[in-house]
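Every value quoted in this text rests on a predicted model; they were computed, and no experiment measured them.
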Amino acid sequence: FDWLIAQTLARHFHSDPRVTFDIPDGTDALVDVFDTTILCTHGDQTSGGGGIGGIWPAIFRLVAKKRTRHDFDIMCIGHWHQLIMAPESGIVVNGSVKGPDEWSLGVMNFSPERPQQALFTIAPGRGVTFSAPVLVDRDEPEKPQTNLPAFTALAPTGLPDAPTDL
């Protein structure tokens with residue numbers, strides 16, 4: 001589906017010299033920014049993520065598999081609807097623009113996160129020099145509207161109205 005949207009946008013902007021597209025035929029895209037190579041992939045090639053280690057073991061397995069086929073410094077993925085900024089470890093997991101939903105809350109049992117996206121800058125010879133979330137919701141985030149049971153006290157701090165009782 002991502003490929004189709006990208007092809008549609010490329011067709012729409014084909015006569016605008018300010019807009020260019022690099023649309024891979026496969027699931028991975030390698031992007032060079034100065035002397036840093038970024039592997040962009042959806043992240044749905046992983047499995048697991050519900051055990052004691054959470055999503056980390058699944059992500060580390062994916063990084064190891066991708067490194068057998070690609071040479072990269074940072075892997076950027078989505079799929080998990082959770083923001084993880086660890087470019088020093090070679091991993092950036094993008095958040096979700098739409099925020100919590102039935103998949104992230106009900107299927108994966110993730111703690112709710114504000115709608116957010118990853119932002120990082122790269123400098124020549126230095127790699128990533130800055131990283132931060134870009135919050136894309138209103139100033140006062142609303143409590144997710146679900147019919148799911150309340151979350152436990154393990155919900156991350158800093159989220160207003162996060163339930164702390166069972």
**OP:** Please check if any side-chain donor atom of T36 sits under 3.5 Å from a side-chain acceptor atom of D73, or the reverse.
**Re:** no
Subject >> Close side-chain approach of H42 to I77, heavy-atom, < 4.5 Å >> reply: no
Subject >> Joint cluster assignment, V92 & W80, ILVMFWY side-chain distance < 4.5 Å >> reply: no
Subject >> Atom pair CD (Q116) and OG (S96), whose distance is rounded to the nearest 0.5 Å >> reply: 9.0 Å
Original post:
F120 and F72: same hydrophobic cluster, using ILVMFWY side-chain contacts below 4.5 Å?
Top reply: no
**OP:** Report yes or no: do I74 and L119 belong to one cluster of Ile/Leu/Val/Met/Phe/Trp/Tyr joined by side chain heavy-atom distances under 4.5 Å?
**Re:** no
Subject >> Smallest separation among heavy atoms of A86 and W56, with atom names >> reply: CB-CH2, 4.3 Å
Original post:
Of the non-hydrogen atoms in F34 and A123, which two are nearest, and what is the gap between them?
Top reply: CD1-C, 4.2 Å
Original post:
Do the side chain of S104 and the main chain of P100 share a donor and acceptor less than 3.5 angstrom apart?
Top reply: no
Original post:
Ignoring hydrogens and geometry, is there a side-chain-to-backbone donor-acceptor pair from D35 to P124 under 3.5 Å?
Top reply: no
Original post:
How far does NE2 of H12 sit from CD of Q7, to the nearest 0.5 angstrom?
Top reply: 15.0 Å
**OP:** Please lay out, stage by stage, how I38 and V33 fare under the test side chain to side chain contact (heavy atoms under 4.5 Å, CB included).
**Re:** CA-CA 8 Å; I38 301 170; V33 180; 4.1 Å; yes
Subject >> Q82 side-chain N/O to V93 backbone N/O, donor-acceptor pair under 3.5 Å >> reply: no
Original post:
Minimum heavy-atom separation for P133 to L83, with atom names?
Top reply: CB-CD2, 3.4 Å
Subject >> Listed partners of S131 passing side chain to side chain donor-acceptor pair (under 3.5 Å), at least two apart >> reply: none
Original post:
H70 side chain to R67 main-chain N or O, any donor-acceptor pair under 3.5 Å?
Top reply: no
Subject >> Value rounded to 0.5 Å, distance of CD1 in I91 from CE in M85 >> reply: 12.5 Å
Subject >> side chain to side chain contact (heavy atoms under 4.5 Å, CB included) between R69 and D28, worked out >> reply: CA-CA 10 Å; R69 295 195 340 243; D28 301 337; 3.2 Å; yes
Subject >> Check: A118 main-chain N/O paired with N94 side-chain donor or acceptor under 3.5 Å >> reply: yes
**OP:** For the residue pair T46 and R61, establish whether any side-chain heavy-atom pair is separated by less than 4.5 Å.
**Re:** no
Subject >> Side-chain touch V97/P115, heavy atoms, less than 4.5 angstrom >> reply: no
Original post:
Does the side chain of Q45 come within less than 4.5 Å of K66's, by heavy atoms?
Top reply: yes
Original post:
Is it the case that one hydrophobic cluster holds both V19 and I23, taking links as side-chain heavy atoms less than 4.5 Å apart, direct or via other members?
Top reply: yes
**OP:** Check the pair F13, T20 against side chain to side chain contact (heavy atoms under 4.5 Å, CB included), reporting the backbone distance first and the verdict last.
**Re:** CA-CA 8 Å; F13 287 104; T20 61; over 6 Å; no
**OP:** Quick one: pull up OG1 in T121 and CZ in R126 and give me the separation to the nearest 0.5 Å.
**Re:** 10.0 Å
Subject >> Centroid separation W103 to H79 less than 6.0 Å >> reply: yes
Original post:
Does D16 CG have over 12 foreign heavy atoms under 6.0 Å away?
Top reply: yes
**OP:** Would you mind reporting whether D101 and K98 have side-chain heavy atoms less than 4.5 Å apart?
**Re:** yes
**OP:** Of all the heavy-atom pairs spanning G43 and L62, show the shortest one and how long it is.
**Re:** CA-CD2, 4.0 Å
Original post:
Can you get from L39 to I59 by hopping between Ile, Leu, Val, Met, Phe, Trp and Tyr side chains that sit under 4.5 Å apart?
Top reply: yes
